[in-house]
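The structure under discussion appears below in the form of structure tokens.
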Amino acid sequence: MATKGGAVVQLNQATDYAFRVVLYLAGLPSGTVESGVRIAECQNIPLRFFQKITRSLSAAGLIKSYRGVEGGFALAKPAGEITLYDVITAMEGPLGIHRCLADRKACNRHCGDDCPVHQALAGIQDRLAADLLRVTFAALAAKTK
């Protein structure tokens with residue numbers, strides 16, 4: 001969504017790649033371990049990014065990595081339990097559309113909940129989080145088949 005001045009609020013490229021990794025794994029039979037090279041090739045993800053992404057997704061408990069000749073990656077839990085919100089927060093950190101929502105001291109007016117802009121943005125952020133939590137990778141994988 002572009003604004004009048006051209007500013008865009010958007011997720012970074014690593015998050016887009018992370019969506020691709022989780023969606024790819026969600027489309028495989030449960031428990032399937034797929035090689036990292038195969039995933040990266042199929043999803044057109046540079047290997048250097050793939051390694052960074054899989055570390056973040058593993059640390060968040062969304063995927064598991066397996067070492068060895070038969071190694072690779074698999075979902076750490078059912079695709080129906082992994083949401084867009086989970087992947088975004090694994091890659092980007094806590095959801096925050098404005099700094100004053102995460103840290104009240106960031107506002108130099110120090111008005112907190114009395115600020116109508118703060119109140120509006122807090123509601124928008126809550127609805128965005130709720131919407132992202134409703135979209136599971138099982139549902140997304142079902143749409144790709």
Side-chain angles (χ1 to χ4, degrees), residues 1-107 112-113 115-145:
M1 169 176 78
T3 61
K4 195 170 161 185
V8 178
V9 176
Q10 65 184 14
L11 302 171
N12 67 44
Q13 184 64 52
T15 301
D16 181 57
Y17 289 151
F19 289 148
R20 294 185 206 179
V21 170
V22 175
L23 183 59
Y24 180 89
L25 292 172
L28 299 175
S30 182
T32 301
V33 176
E34 184 72 272
S35 83
V37 172
R38 173 109 173 108
I39 298 168
E41 285 175 357
C42 289
Q43 297 304 307
N44 199 28
I45 302 171
L47 274 175
R48 64 187 169 91
F49 277 112
F50 182 81
Q51 294 166 343
K52 174 188 172 197
I53 291 158
T54 54
R55 278 193 298 273
S56 296
L57 293 172
S58 292
L62 302 177
I63 66 171
K64 289 182 185 177
S65 65
Y66 298 89
R67 295 185 183 268
V69 177
E70 299 293 319
F73 298 90
L75 294 180
K77 53 188 174 181
E81 295 177 17
I82 302 173
T83 66
L84 286 175
Y85 181 89
D86 297 327
V87 174
I88 290 170
T89 56
M91 300 305 297
E92 308 257 354
L95 183 65
I97 61 170
H98 194 278
R99 66 178 191 249
C100 71
L101 296 175
D103 179 9
R104 298 289 168 88
K105 291 178 261 175
C107 176
D113 289 332
C115 175
V117 173
H118 175 94
Q119 292 170 1
L121 291 174
I124 291 166
Q125 182 171 294
D126 290 346
R127 289 187 298 278
L128 175 60
D131 285 348
L132 292 169
L133 283 163
R134 277 193 283 276
V135 181
T136 69
F137 278 86
L140 294 172
K143 291 180 179 184
T144 62
K145 292 181 179 180

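Under 4.0 Å is where a charged nitrogen must lie from a carboxylate oxygen, and between Arg127 and Asp131 no such pair does.
Counting all heavy atoms, side chain and backbone alike, Arg20 lies closest to Gln43 at NH1-O, 2.7 Å. When all heavy atoms of Gly80 and Thr136 are compared, the closest pair comes out as O-CG2, 3.3 Å. When all heavy atoms are compared, the tightest approach of Val21 to Ile45 is CG2-CD1, 3.7 Å. Across Glu92 and Thr15, no two heavy atoms sit closer than the pair OE2-OG1, 2.7 Å. For Gln125 against Gly96, the heavy-atom pair with the smallest separation is OE1-CA, 3.2 Å. Looking at every heavy atom in both residues, Thr144 comes nearest to Ala141 through OG1-O, 2.8 Å.
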Review point. Can you check side chain to side chain contact (heavy atoms under 4.5 Å, CB included) on Phe49 and Gln13, steps first, answer last?
Key: CA-CA 9 Å; Phe49 277 112; Gln13 184 64 52; 5.5 Å; no
Check your understanding: Should Leu57 and Phe73 be marked as a side chain to side chain contact (heavy atoms under 4.5 Å, CB included) after you check the CA-CA gap, both sets of side-chain angles, and the distance that decides it?
Key -> CA-CA 10 Å; Leu57 293 172; Phe73 298 90; over 6 Å; no
Practice item. Step by step, work out the side chain to side chain contact (heavy atoms under 4.5 Å, CB included) result for Val33 and Glu70. Key: CA-CA 8 Å; Val33 176; Glu70 299 293 319; over 6 Å; no
Review point. Run the side chain to side chain contact (heavy atoms under 4.5 Å, CB included) check on Glu81 and Leu75 step by step: do they pass?
Key: CA-CA 10 Å; Glu81 295 177 17; Leu75 294 180; over 6 Å; no
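A heavy-atom distance below 4.5 Å is not found between the side chains of Tyr85 and Val135. Annotation: side chain of Leu140 is in contact with side chain of Leu84 (closest heavy-atom distance under 4.5 Å).
Interatomic distance, CZ of Phe137 versus NZ of Lys143, reported as 12.0 Å (0.5 Å rounding). Rounded to the nearest 0.5 Å, atoms CD (Gln119) and CD1 (Ile124) are 12.0 Å apart. Between Leu121 atom CG and Asp126 atom CG the span is 11.0 Å, to the nearest 0.5 Å. Tyr17 OH to Leu11 CG: the interatomic distance, rounded to the nearest 0.5 Å, is 14.0 Å. Rounded to the nearest 0.5 Å, atoms CG (Asn12) and CD1 (Ile88) are 10.0 Å apart. To the nearest 0.5 Å, the span separating CD1 on Ile63 from CD on Glu34 amounts to 12.5 Å.
With sequence neighbours excluded, the residues that form a side chain to side chain contact (heavy atoms under 4.5 Å, CB included) with Leu128 are Leu95, Ile97, Leu132.
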